2 protein chains.
Amino acid sequence: MPGHDKQVFRADCASRPILDQIADKWSMLILAVLCAQPLRFNAIKRRLEGITQKALTQALRRLERNGIVARRVIPVSPVAVEYSVTPLGRTLQQPFAALYGWTVDHLPDIEQAQRDFDRRKNG
Amino acid sequence: MPGHDKQVFRADCASRPILDQIADKWSMLILAVLCAQPLRFNAIKRRLEGITQKALTQALRRLERNGIVARRVIPVSPVAVEYSVTPLGRTLQQPFAALYGWTVDHLPDIEQAQRDFDRRKNG
DNA sequence: CGGTATCCCACCTGATACTG
DNA sequence: CAGTATCAGGTGGGATACCG
């Protein structure tokens, strides 16, 4: 991290809570599905196997509050709500893809390291 | 994420737990401080304002298990333990730096979005 | 359909004490 | 120094029920 090696380690660094809210379990996956196309609440939920309604609601609110996704209410009956990625959110695609690509590329190494570690501990 | 748009959304995708364990609150900061130089336990703790001993211990174990950091016991008295970044861990620097750079670059946008959102909700 | 409200429990936290 | 152990207390998640 050339250039900002000092501030980020301070508890009051402004980027810390952002990093926490954006680099979490579900946000990356939500952004990925929405980047392909805008989707409605339950459409997102169906695509993200394992997410609960509560977790999805919370993650979407957080992303909306941070300007990453937009929420549009379509006044039909029953109500339809469409979520889409904002221009700001699109700029996150590159960093996220890099991180995801890393996990895929190094998955064998990591799993090997885990086996080694567990064997050392257990015998 | 060109090329792997399908698997990651499945609950049993192998990269999911890795992503969870690596893109968490403290791992990025720990890796950043250790990339500059190997450090002992309390040296890391002093640099990461706000982390508890327990949280640091857990994060280091997880990083060690995944082959990201190495733990070396130096048999002096009292015991010294030095943590360093492995070659595998070094390859994570680029993706992490990209993500951190993003938060710094877009911090004003995000804070503005937060103010707008909060004002809409509260009035 | 897209949520909110509620309950309950696992977990994380912080503080403190103890050990090799 | 570098942890582990323990306990109290608060937070968040899962399951369920209900609402516009």
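What you see is a predicted model; the values in this text were computed from it and never measured. Proteins come first, then strands; the chains are lettered A, B, ... in the order of their sequence lines, and each starts at number 1.
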Rounded to the nearest 0.5 Å, the CG atom of A/L92 sits from the CH2 atom of B/W102 at a distance of 3.5 Å

Min and max contacting nt of DNA chain C in 5' to 3' order, chain A heavy atoms within under 4.0 angstrom, are C/dC1 to C/dT6

Please answer whether the main-chain N or O of A/G67 pairs with a side-chain N or O of A/T86 as donor and acceptor at a distance below 3.5 Å.
yes

Quick one: does any side-chain atom of A/S27 pair with a main-chain N or O of A/A23 as donor and acceptor, under 3.5 Å?
no

Heavy-atom neighbours of A/E111 CD exceed 12 at 6.0 Å:
yes

May I have all residue pairs that pass salt bridge (Lys or Arg N to Asp or Glu O under 4.0 Å) and include part of residues 76-101 of chain A, sequence neighbours excluded?
A/R72-A/E82

Can you see whether A/Q112 engages A/R115 through a side-chain donor-acceptor pair at a distance of less than 3.5 angstrom?
yes

Going 5' to 3' through nucleotides 1-20 of chain D and flagging B where a protein heavy-atom sits under 4.0 Å of the base, S where only the sugar-phosphate is that close, and - otherwise, we get SSBB--------BB------

Salt-bridge criterion met for A/D116 and A/R119 (N-O under 4.0 Å):
yes

